[in-house]
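This report refers to the structure that appears directly beneath it.
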Amino acid sequence: MKPCIALTKGRLEKQFLEFFKSLNYDIEPLVNKGRKLRVETDEFQFIFAKGPDVTTYVEHGIADLGIVGGDILAEFQPDVYDLLPLPFGQCRMAVATEKGKVWPEQKKKIASKYTGITKEHFRNKGESIDIIKLEGSVELAPILGLADGIVDIVETGTTLKENGLVIQEEFFSFSARCIANRSSLKIKRAELAPIIQSFQKKEELI
Ligand SMILES: Nc1ncnc2c1ncn2[C@@H]1O[C@H](COP(=O)(O)OP(=O)(O)OP(=O)(O)O)[C@@H](O)[C@H]1O
Ligand SMILES: O=P(O)(O)OC[C@H]1O[C@H](OP(=O)(O)OP(=O)(O)O)[C@H](O)[C@@H]1O
């Protein structure tokens, strides 16, 4: 059976395909997949899923390898082998507030999609907070008075800026990562080694 690679759909998918092409792999079947969520190339099977589900497919051994953001690994802490960083998807995790905002005396209200990362960050600082879980567009929360601040991904800073928010603190930098199923690494070592090595070589050049 061809090795199976789970890819995070959307942003990381696009960046992964460019990276994969730069390693001289044929990406044509992947680019022209339409709405298919499963694609086979000469060498691999690919599945396309949301980041947290990529870790689930890898954890359960359905996929041998996965391409996922470091944010997802930190948030969900799946039982997978975290093989290596990849040279794309570079972002930071930050606490942001409205410009000029003074934190309240009482518990801060923090909105985030990343409740695990947020709790751990403030626990490490010895602060107790109230977390409001949102699924996206979290920059809205302080503007609309739902929260005092947010914890979210920052790449260029444009979303924060255009919504009148400023970074208070950046506390975690990450990129996309290649993860592996623990037993696949032993059982399919021969098939997986060349692709892992090609990822590693490219990473060393950058
Ligand atoms: N602004 C960004 N720049 C670069 N990488 C990002 C950015 N936002 C997220 N990422 C990375 O890409 C991964 C996928 O994010 P993406 O926004 O494509 O999907 P999502 O979080 O599931 O959101 P959506 O529901 O809008 O598809 C994240 O886990 C993170 O690692
Ligand atoms: O610093 P920037 O380059 O502006 O990028 C950061 C934005 O990108 C992500 O949002 P995304 O576009 O994935 O939408 P979402 O809010 O629905 O998650 C993230 O949650 C920020 O909102």
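Counting starts at 1 for both ligands and their atoms, in listed order.
Nearest protein heavy-atom neighbour of atom 14 (C) of ligand 1: Thr8 CG2, 4.1 Å. Protein heavy atom in closest approach to atom 20 (O) of ligand 2: Asp152 OD2, 2.8 Å. The protein heavy atom nearest to atom 6 (C) of ligand 2 is Ile153 O, 3.4 Å. At the shortest separation from atom 14 (O) of ligand 2 among protein heavy atoms lies Ser137 N, 5.0 Å. At the top of the distance list for atom 4 (C) of ligand 1, counting protein heavy atoms only, stands Cys91 SG, 3.3 Å. Closest to atom 16 (P) of ligand 1 among all protein heavy atoms lies Arg11 NH1, 3.7 Å. The nearest heavy-atom contact from the protein to atom 12 (O) of ligand 2 is Arg11 NH2, 3.0 Å. When only non-hydrogen protein atoms are considered, atom 2 (P) of ligand 2 lies nearest to Thr156 OG1, 3.3 Å. Shortest contact from atom 4 (O) of ligand 2 to any protein heavy atom: Thr159 OG1, 2.4 Å. Looking only at heavy atoms of the protein, atom 22 (O) of ligand 2 is closest to Glu139 OE2, 2.6 Å. In this structure, atom 19 (O) of ligand 1 lies nearest to the protein heavy atom Lys9 O, 4.8 Å. Of the protein's non-hydrogen atoms, Lys113 NZ, 3.3 Å is the one closest to atom 18 (O) of ligand 2.
Note that atom 26 (O) of ligand 1 has no protein non-hydrogen atoms nearby, at separations under 4.0 angstrom. Within the 4.0 angstrom cut-off, atom 31 (O) of ligand 1 has one or more protein heavy-atom neighbours.
The shell of residues lying under 4.0 angstrom from ligand 2, judged by heavy atoms, excludes Lys161. For the ligand labelled ligand 1, residue Gly51 lies outside the 4.0 Å heavy-atom shell. Within the structure, ligand 2 lacks Glu135 among the residues with a heavy atom less than 4.0 angstrom away.
Distance alone, capped at 3.5 Å, is enough to place a donor-acceptor pair between the Asp64 side chain and the Cys4 backbone. Within the 3.5 Å criterion, the main-chain N or O of Val80 finds a donor-acceptor partner in the side chain of Arg182. Proximity of a side-chain donor or acceptor of Asn163 to a complementary backbone N or O of Thr159 within less than 3.5 Å is detected. With hydrogens and angles ignored, the 3.5 Å screen pairs no side-chain donor or acceptor of Ser112 with any backbone N or O of Thr115. Formation of a donor-acceptor pair under 3.5 Å by the Glu98 side chain with backbone atoms of Leu165 is not found in this model. Glu59 places a side-chain N or O within donor-acceptor distance of the main-chain N or O of Asp79, the cut-off being under 3.5 Å. In this structure a side-chain-to-backbone donor-acceptor pair under 3.5 Å is present from Asn181 to Ser184. Formation of a donor-acceptor pair under 3.5 Å by the Gln90 side chain with backbone atoms of Ser175 is not found in this model.
Close approach to Val154 involves these atoms of ligand 2, each under 4.0 Å from a residue heavy atom: 1 (O). Atoms of ligand 1 found under 4.0 Å from any heavy atom of Gly69, numbered from 1 in the order shown, are 31 (O). The contact set between ligand 1 and Ile72, taken as ligand atoms under 4.0 Å from a residue heavy atom, comprises 29 (O). Of all atoms in ligand 2, listed by their number and element, those nearer than 4.0 Å to a heavy atom of Thr158 are 1 (O), 4 (O). Here is the list of ligand 1 atoms found below 4.0 Å of a heavy atom in Lys50: 22 (O), 24 (P), 25 (O), 27 (O). Close approach to Glu155 involves these atoms of ligand 1, each under 4.0 Å from a residue heavy atom: 1 (N), 2 (C), 3 (N), 4 (C). Ligand 1 places these atoms under 4.0 Å from at least one heavy atom of Leu12: 12 (O), 13 (C). Within ligand 2, the atoms closer than 4.0 Å to a non-hydrogen atom of Gly136 are 16 (O), 17 (O), numbered from 1 in the order shown.
Looking at ligand 1, you'll find an N or O of Asp71 within less than 3.5 Å of one of its N or O atoms. Taking distance alone, with nitrogen or oxygen atoms compared against 3.5 Å, Lys113 approaches ligand 1 more closely than that limit.
Transitive grouping of hydrophobic side chains (ILVMFWY, heavy atoms separated by less than 4.5 Å) brings Ile196 and Phe88 into a common cluster.
Lys33 NZ: more than 12 foreign heavy atoms inside a 6.0 Å radius.
For Phe46 and Phe20, the ring centers are positioned less than 6.0 Å apart.
Residues Val154 and Ala94 share a closest heavy-atom pair of CG2-CB, 3.8 Å.
Ion pairing of Lys108 with Glu127 is present here, as a side-chain N (NZ or NE/NH1/NH2) and a carboxylate O approach within less than 4.0 Å. Remark: Glu40 does not engage Arg38 in a salt bridge, criterion side-chain N to carboxylate O under 4.0 Å.
Atoms CD1 and CD1, on Ile132 and Ile150 in that order, are 12.0 Å from each other to the nearest 0.5 Å.
Residues Tyr25 and Ser198 have side chains that bring a donor and an acceptor to within less than 3.5 angstrom of each other.
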